[in-house]
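Accompanying notes for the structure given below.
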Amino acid sequence: MGHPSPSRASARQGHSNGPQRPSPGFTSLHPAAPARNSSSDSGVGWSDRTTALPLGTYRKVGSMKIGIIGAGNIGGNLTRRLTALGHDVSVANSRGPETLTALAEETGATPVTASEAARGARIVVVTVPLKAVPDLPSGLLDGAAEGVAVIDTGNYYPQQRDGRIAAIEDGLPESRWTEQQLGHPVVKAFNGTYAQDILDRGRPAGTLGRQALPVAGDDPVAKQAVRDLIDELGFDTVDAGGLDESWRQQPGTPVYGHQGDADAVAKALAEASPERTAEWRA
């Protein structure tokens, strides 16, 4: 993430507490959640003293069929929130539905294979390591609802996890690469979001300092569907432009891991540099 932190090493080692401010260590985002801020250092208008409302509080758009491919911290917590909001969620991972029994029992989601996750879905969330995207089943989105919105939560971590992906090293935005692998347009969202924030930091629309997430994509209808869903989860959104502009929310940019409101997120997006720093290159 783009904010300086003295705790980079501990974040990369996967310490469960994480840094008090977002750190560039990739393990403090999707694979592990950070400690939540309890001061104005979070850049938002409330602190941990504010109790999060019940998981189903913000339901307003009606039940949808949603497929989630990947059941790590981001996929798991989206499954928890979206089922609590009344959505019909199917969830898949790389190990098979029999390994998702506990999550299914906890949430009421339906465990399925990856090739079944999108069936009938109006929104599909792809939340797997980038290196695993080419190995997803062919025809992954066959059988999805017409006009399905596909959310890409992924990040390229060449040194830490994914190895070298030449096209991204040459400047192709990460989500554009993922879109090419899937053969379907994607909307980039949640890639810089702490997994624990999905459970803890949602607030009603209009709340002062409500946390905002950047959303990038080329299809305005799909992008709006994703923004509506994020609003339902309790977060504001900022339109980060088309997918060719999605580099503005990649690892190492000011907005990566940002927990501020819409104005702060818009400012962070504007301050991003297209140059990938050494830490985020192969």
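Note that the coordinates shown come from a computational prediction; the quantities given were computed from them, not determined experimentally.
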Report the distance from atom CG of L208 to atom CG of D261, rounding to the nearest 0.5 Å.
7.5 Å
Are any of the side-chain heavy atoms of M64 and L229 separated by less than 4.5 Å?
yes
What residues form a salt bridge (Lys or Arg N to Asp or Glu O under 4.0 Å) with D218, not counting sequence neighbours?
R176
Residue pair N155, Y256: steps toward the side-chain contact (heavy atoms from CB on, under 4.5 Å) verdict
CA-CA 10 Å; N155 291 308; Y256 178 70; 3.7 Å; yes
Considering only Ile, Leu, Val, Met, Phe, Trp and Tyr, and joining two whenever side-chain heavy atoms are under 4.5 Å apart, list the other residues clustered with L141.
I69, V124, V126, V128, L130, V133, L136, L140, V148, V150, Y156, I165, I168, L172, W177, L182, V186, L243
Applying salt bridge (charged side-chain N to carboxylate O under 4.0 Å, His left out) as the test, list every pair that has at least one member in residues 99-108; sequence neighbours left out.
R80-E106
Partners passing salt bridge (Lys or Arg N to Asp or Glu O under 4.0 Å) against D236 (at least two apart in sequence or in another chain):
R210
Heavy atoms only: give me the nearest Q249-A216 pair and the separation to one decimal.
OE1-CB, 3.6 Å
Check A264 against G260 and note the closest heavy-atom contact, atom names and distance.
CB-CA, 4.3 Å
Kindly compute the distance separating CG (L78) from CD1 (I151), expressed to the nearest 0.5 Å.
7.5 Å
Spatial distance of atom OG1 (T253) from atom CG (L269) [nearest 0.5 Å]
7.5 Å
Give the intermediate values and the outcome of side-chain contact (heavy atoms from CB on, under 4.5 Å) for residues L85 and L233.
CA-CA 8 Å; L85 288 164; L233 287 164; 3.7 Å; yes
Applying side-chain contact (heavy atoms from CB on, under 4.5 Å), can you list everything that pairs with P129, at least two apart in sequence or on another chain?
K131, A132, R161, D162
Side-chain heavy atoms nearer than 4.5 Å, only ILVMFWY residues, links allowed to pass through others: does that put I123 and I230 together?
yes
Apart from W247 itself, what residues make up its hydrophobic cluster, given side-chain heavy atom links below 4.5 Å?
none
How far does OG1 of T153 sit from CD1 of I74, to the nearest 0.5 angstrom?
6.0 Å
Are K65 and S90 side-chain neighbours, meaning at least one heavy-atom pair lies under 4.5 Å?
yes
Could you measure the distance from the CD atom of Q196 to the CG atom of N73? Nearest 0.5 Å is fine.
8.5 Å
Test your reading of the model: is there a side-chain donor-acceptor pair from Q159 to the backbone of A278, 3.5 Å cut-off?
yes
Same apolar cluster (I L V M F W Y, side chains within < 4.5 Å links), L100/I198
yes
Which residues pass the side-chain contact (heavy atoms from CB on, under 4.5 Å) test with T83, not counting sequence neighbours?
T79, V89, T107, A109
Is the count of non-hydrogen atoms from other residues, nucleotides or ligands lying under 6.0 Å from E275 atom CD greater than 12?
no
Of all residues at least two apart in sequence or in a different chain, which pass the salt bridge (Lys or Arg N to Asp or Glu O under 4.0 Å) check with R276?
E174
I need the N77 CG to T127 OG1 distance, nearest 0.5 Å.
10.0 Å
Quick one: does Q211's side chain get under 4.5 Å of L213's, heavy atoms only?
yes
Scanning both residues in full, the closest heavy-atom pair of S175 with D152 reads OG-OD2, 2.5 Å
Minimum-distance pair of heavy atoms, taken over all atoms of L103 and G76:
CD1-O, 4.3 Å
Could you check V215 against V187 for side-chain contact (heavy atoms from CB on, under 4.5 Å), going step by step and ending with a plain yes or no?
CA-CA 7 Å; V215 180; V187 177; 3.4 Å; yes
Residues that E116 engages under salt bridge (Lys or Arg N to Asp or Glu O under 4.0 Å), provided they are two or more places apart:
none
Quick one: list whatever passes side-chain contact (heavy atoms from CB on, under 4.5 Å) with A145, sequence neighbours left out.
R122
Between R81 and L199, does the side-chain contact (heavy atoms from CB on, under 4.5 Å) criterion hold? Intermediate values first, please.
CA-CA 7 Å; R81 287 299 317 278; L199 296 183; 4.0 Å; yes
Can you list the residues that meet the side-chain contact (heavy atoms from CB on, under 4.5 Å) rule with D135, with sequence neighbours excluded?
none
Residues in side chain to side chain donor-acceptor pair (under 3.5 Å) with T99, at least two apart?
N93
Is there a donor-acceptor pair under 3.5 Å between the side chain of K223 and the backbone N or O of G241?
yes
Taking the inter-plane angle between the rings of Y157 and W280 on a 0 to 90° scale, is it parallel (under 30°), tilted (30 to 60°) or perpendicular (over 60°)?
tilted
Taking all heavy atoms of G67 and all of A121, pick out the closest pair and write down the distance.
N-CB, 3.8 Å
Between P254 and A272, what is the shortest heavy-atom contact and its length?
CD-CA, 3.8 Å
Would you say that E169 contacts P158 through its side chain, given a criterion of any heavy-atom pair below 4.5 Å between the two side chains?
yes
